[in-house]
Colleague: 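My structure is below; once you've seen it, I'll send some questions.
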Amino acid sequence: MFRCGIAYPRCRWILPLLLLFAVIFDIIAIAATSGWVDDSKAHYANMWQQCRGVKEPYECKSLMEFAWAKAVAALMIIGLILLIITFFVSLVTLCTLRLSLLRVVGLLLLIAVVLQIIALIVYPVNFNNLIFEGHYDYSWAYGFGWGATIIMLGCCILFCCLPNYEDELTGMAKTKYIYSRD
């Protein structure tokens, strides 16, 4: 159907699906009990606490006594709430073809992306200042946070551009034929 370009009617289903994946990734990153930081020996941390020990039971301390950790948690949770709101609004908007809210969805996604990027940058900077020993790897749950943020950024760009292609989305575009002389 399209030789080069986007099959716009497919965006009606793909974008909400991508936002659903971003919601799942964000929930995994926020709810993970380990996996934000790991030194592969005896120390690991998530967004909420850090634990040390050679064998169980590990000695765990809350990170919520630090202002930066509270800010990271607040920014990630606010970003997740905005993401869930945009998921439902995009689902309704694209299923009912009331395309006037597409740029609003894009703007809300942009705000959520900025909040989460700030949180995902503040966490390692301050965690490294808190712990001065050894080498730490930022692990799978932290990667899920970045994955959700990158998906949200891509969807934000598409939601801001889609109103320019309203006819293609609704299926009312004129068919364009490409003729070649043979």
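Every value quoted in this text rests on a predicted model; they were computed, and no experiment measured them. Numbering starts at 1 and runs along the sequence shown.
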Colleague: So does Phe66 have more than 12 non-hydrogen atoms from other groups sitting under 6.0 Å from CZ?
Modeller: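 Result for CZ/Phe66: enclosed.
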
Colleague: Given the rule that I, L, V, M, F, W and Y join up when any side-chain heavy atoms are under 4.5 Å apart, are Ile150 and Leu82 in one cluster?
Modeller: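 No.
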
Colleague: Any idea which heavy atoms bring Ala141 and Ala32 closest together, and the distance?
Modeller: CB-CB, 3.5 Å

Colleague: Nearest 0.5 Å, what's the OG-CG distance between Ser139 and Asn46?
Modeller: 11.5 Å

Colleague: For atom CD of Glu59, is the number of surrounding heavy atoms from other residues, nucleotides or ligands below 6.0 Å larger than 12?
Modeller: no

Colleague: In Å and rounded to the nearest 0.5 Å, what is the SG to CG distance from Cys160 to Leu109?
Modeller: 8.5 Å

Colleague: Tell me whether Leu153 is reachable from Val104 by hopping between hydrophobic residues (I, L, V, M, F, W, Y) whose side-chain heavy atoms are closer than 4.5 Å.
Modeller: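 Result: yes, single cluster for both.
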
Colleague: Decide whether Val72 and Ile121 are clustered together by the hydrophobic rule: side chain heavy atoms of Ile, Leu, Val, Met, Phe, Trp, Tyr closer than 4.5 Å, transitively.
Modeller: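 Hydrophobic grouping puts Val72 with Ile121.
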
Colleague: Does some side-chain heavy atom of Trp146 sit less than 4.5 Å from a side-chain heavy atom of Ile117?
Modeller: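 In short, these two side chains touch, coming nearer than 4.5 Å.
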
Colleague: Within the 4.5 Å heavy-atom criterion, are Leu94 and Leu102 side-chain neighbours or not?
Modeller: yes

Colleague: How long is the gap from OG on Ser62 to CD on Gln49, to the nearest 0.5 Å?
Modeller: 7.0 Å

Colleague: Is Ile30 close to Phe144 at the side-chain level, that is, under 4.5 Å between some pair of heavy atoms?
Modeller: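 Not touching, per the 4.5 Å side-chain cut-off.
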
Colleague: Look up atom CD1 in Ile77 and atom CG in Leu115, then write down how far apart they are to the nearest 0.5 Å.
Modeller: 12.0 Å

Colleague: Please tell me whether Val89 and Val92 are part of a single hydrophobic cluster in this structure, the criterion being side-chain heavy atoms less than 4.5 Å apart.
Modeller: no

Colleague: Would you give the length of the straight line joining atom CG of Leu15 to atom CD1 of Ile151, rounded to the nearest 0.5 angstrom?
Modeller: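 Leu15 atom CG to Ile151 atom CD1 measures 11.5 Å (nearest 0.5 Å).
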
Colleague: Going through the distances and angles, do Thr33 and Trp48 end up as a side chain to side chain contact (heavy atoms under 4.5 Å, CB included)?
Modeller: CA-CA 8 Å; Thr33 57; Trp48 308 100; over 6 Å; no

Colleague: Is the shortest heavy-atom distance from the side chain of Leu83 to the side chain of Met152 under 4.5 Å?
Modeller: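 Counting from C-beta outward, Leu83 and Met152 do come under 4.5 Å.
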
Colleague: Is the shortest heavy-atom distance from the side chain of Phe88 to the side chain of Pro16 under 4.5 Å?
Modeller: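 No, side chains not in contact.
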
Colleague: Does Trp68 have its ring centroid less than 6.0 Å away from the ring centroid of Tyr123?
Modeller: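 Yes: the rings meet the under 6.0 Å criterion.
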
Colleague: State whether a side-chain donor-acceptor pair under 3.5 Å links Thr149 with Gln116.
Modeller: yes

Colleague: Nearest 0.5 Å please: distance from the CD1 atom of Ile84 over to the CG atom of Leu20.
Modeller: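 Answer for the CD1-CG pair, Ile84 versus Leu20, is 10.0 Å.
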
Colleague: If we only count heavy atoms from C-beta on, is the Leu19 to Ser90 side-chain gap below 4.5 Å?
Modeller: yes

Colleague: Would you call Leu120 and Met76 a side-chain contact if the rule is heavy atoms closer than 4.5 Å?
Modeller: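 Answer yes - side chains close enough.
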
Colleague: Report whether Ile81 and Leu91 are members of the same hydrophobic cluster (ILVMFWY, side-chain heavy atoms less than 4.5 Å apart, transitive linking).
Modeller: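 Cluster IDs for Ile81 and Leu91 match.
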
Colleague: Provide the closest heavy-atom pair for Phe25 versus Ala148 in the form atom of the first, atom of the second, distance.
Modeller: CB-CB, 3.7 Å

Colleague: Identify the two heavy atoms, one from Cys156 and one from Gly106, that lie closest to each other, and give their separation to 0.1 Å.
Modeller: SG-O, 3.2 Å

Colleague: Which heavy atom in Gly79 sits nearest to a heavy atom in Asp26, and how many Å separate them?
Modeller: C-OD2, 4.4 Å

Colleague: Can you check side chain to side chain contact (heavy atoms under 4.5 Å, CB included) on Val37 and Tyr142, steps first, answer last?
Modeller: CA-CA 8 Å; Val37 177; Tyr142 184 71; over 6 Å; no

Colleague: Between Ala69 and Met64, what is the shortest heavy-atom contact and its length?
Modeller: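 Of all heavy-atom pairs spanning Ala69 and Met64, the closest is O-CE, 3.5 Å.
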
Colleague: Considering only heavy atoms from C-beta outward, does the side chain of Trp36 approach that of Phe127 to under 4.5 Å?
Modeller: no

